[in-house]
Amino acid sequence: MGNDSTRYPLEGVRVLELGNYIAAPTAGRMLADFGAEVIKVERPGTGDELRGWRLHGGSTSMFFHTINRNKKSVVLDLRSDEGRATVLELVRHCDVVLENFRPGTLEKWGLGPEALGAANPDVVLARISGFGQTGPLSQRPGFAAVAEAMGGMRELVGEADRPPSRVGVSIGDSIAGLHAAFGIVVSLLERRSGRGTGTPLADRVVDIALHESVFSMMESLVPDHLAHGVRRQRVGGRMEGIAPTNAYPCGDGSSVVIAGNGDSIFRRYMQAIGRPDLAEDPDLATNAGRWARRDELDRAIGDWTSARSRDAVLAALDEAGVPAGPIYTAADICEDEQYRARDMIQDMRVDTGGDEPVDVGFPGVVPVIGRTSLPLRTPGPELGEHTAEVLGSLLCTTSENIEERK
């Protein structure tokens, strides 16, 4: 937990988060992690559906606690006149509005850029959707699975002789959340500079499309296609055009990832596995030559790793200066000294469904500013936990009137 001396760079910034699921809440989490006051608006009764996703005990999932840590929860019904009016009042006291409804939804509720800008001309509005606020597909609903497919990622994940696979997390949503948080900070810096003053909010919207966020991570996928007619292929644990880099089985049943694709690294790598002939082979001196003989190299490396334990493999490669690492499970991460040294696993007391709340480790704040991760303050809030506090302090609402405002 943080203390009075902890410096949070975004302290003093207030964010009204109208989104649910993963993308917008991920952006809100990043802002909250660095000190912003994030007021999460949830629907009455059920709240954010993420509360029930991967629920293994208790009433609130660890998934929700992770994505919504350091936030405040306020219950408002955006489908009611009272709830929408309350949102507009709150906007007057906020620096940022963050949402991830289907385009047109806020406008239908009377909460579009024109209304929000009238309530607070200086507010930053970030909108996350499947395909953005404009264009022929803008009105389609969008989920991360579709975004990963249309953004070019899914085509490259998996083995060449099998249908495309999916990364085991909602990576498209998370990437969109990262872009949204970056866009919000950029807009806040622009506002501080005075540039853009007087520009209508509709012309300042931070517009994040899920598929574009994925596409922006696809390196030279399109330029290689347009310049050279290249179509990237799925290559499993390898990386297209780079060798040798792959995952290899060890003799104790575990696996390691080894990235020995640099020219000088490759020579040390082959010496370390007892194959000086490959180290000195002129055809393997460059990456292009190694990629052409990638199957041969992977067989040689696999023969070496499979005859040794994971610890022995990593020790030999570390001594040779070859980048390598174990493939971690959650349990491995929890025991790793490097994660602990930088406070990348931080304990917070939460309800897991037992008789009493217990301490559970959560991912720390990234990036590190200084020497260790900033301290987490609170887990994801209970539904409506801060309704009275927020409406009372910002809108001077009495306890008798709070129910009417929902």
Side-chain angles (χ1 to χ4, degrees), residues 148-169 171-172 174-175 178 213-250 254-308 310 313-328 332 338 366:
E148 292 157 23
M150 294 183 67
M153 178 181 291
R154 191 70 74 92
E155 173 67 9
L156 302 184
V157 180
E159 301 292 339
D161 59 348
R162 300 178 189 176
S165 298
R166 186 176 186 181
V167 177
V169 293
I171 192 68
S174 298
I175 292 173
L178 288 167
S213 297
V214 172
F215 174 58
S216 74
M217 299 286 103
M218 298 311 297
E219 301 173 348
S220 60
L221 178 73
V222 165
D224 284 342
H225 163 68
L226 294 176
H228 305 294
V230 171
R231 178 181 174 180
R232 290 274 301 274
Q233 302 294 319
R234 291 188 297 282
V235 290
R238 294 167 171 160
M239 177 62 72
E240 175 77 20
I242 300 173
T245 177
N246 210 336
Y248 303 95
C250 298
S254 61
S255 297
V256 294
V257 166
I258 310 172
N261 43 284
D263 292 348
S264 60
I265 293 173
F266 173 75
R267 291 191 291 273
R268 298 196 302 272
Y269 187 5
M270 294 301 100
Q271 294 286 354
I273 70 169
R275 292 298 305 269
D277 57 312
L278 297 176
E280 302 304 325
D281 190 327
D283 291 339
L284 300 176
T286 64
N287 188 70
R290 294 191 293 272
W291 178 251
R293 292 169 61 181
R294 57 192 178 276
D295 291 336
E296 175 189 351
L297 293 176
D298 275 349
R299 282 194 297 272
I301 297 164
D303 288 344
W304 180 76
T305 60
S306 62
R308 292 160 177 80
R310 183 178 77 176
V313 167
L314 294 176
L317 295 176
D318 183 55
E319 184 177 355
V322 177
I327 296 178
Y328 270 180
D332 293 325
Q338 181 67 21
V366 177

Residues at least two apart in sequence or cross-chain that pass side chain to side chain contact (heavy atoms under 4.5 Å, CB included) with Ala247, listed by chain then number, are Val257, Ile327

Just grab all the salt bridge (charged side-chain N to carboxylate O under 4.0 Å, His left out) pairs involving residues 234-248, residues at least two apart or on different chains. Glu155-Arg234, Arg238-Asp295, Arg238-Asp298

Could you walk me through whether Glu296 and Leu278 pass the side chain to side chain contact (heavy atoms under 4.5 Å, CB included) test, one step at a time? CA-CA 10 Å; Glu296 175 189 351; Leu278 297 176; 3.8 Å; yes

Kindly write out the residues that satisfy side chain to side chain donor-acceptor pair (under 3.5 Å) with Ser216, not counting sequence neighbours, or none if the list is empty. His179

Can you tell me if Arg162 uses its side chain to pair, donor with acceptor, with the backbone of Gly158 under 3.5 Å? no

Quick check: closest heavy atoms across Arg154 and Ala149, and the distance to 0.1 Å? CB-CA, 3.7 Å

Residue pairs passing the salt bridge (charged side-chain N to carboxylate O under 4.0 Å, His left out) test with at least one member in residues 254-269, sequence neighbours excluded, are Asp263-Arg290

What is the minimum heavy-atom distance between Ser255 and Pro249, and which atoms define it? OG-CA, 3.9 Å

Under 3.5 Å donor-acceptor, Asn261 side chain and Asn287 backbone: no

Could you go step by step and tell me if Val214 and Ile171 meet the side chain to side chain contact (heavy atoms under 4.5 Å, CB included) rule? CA-CA 8 Å; Val214 172; Ile171 192 68; over 6 Å; no

Closest approach of Ile301 to Ile273 (non-hydrogen atoms, all atoms of both residues): CG1-CD1, 4.1 Å

Just to verify, what does Asp332 make a side chain to side chain contact (heavy atoms under 4.5 Å, CB included) with, not counting sequence neighbours? Arg310, Tyr328, Thr329

Do you know the tightest heavy-atom contact between Val256 and Cys250? CG1-SG, 3.8 Å

Just by distance, do the side chain of Gln271 and the backbone of Pro276 share a donor-acceptor pair under 3.5 Å? no

Tell me, please, which residues at least two apart from Asp281 pass salt bridge (charged side-chain N to carboxylate O under 4.0 Å, His left out). Arg293

Any Phe266 side-chain heavy atom under 4.5 Å of Leu297 side chain: yes

What distance do Arg294 atom CZ and Thr245 atom OG1 have between them, rounded to the nearest 0.5 Å? 13.0 Å

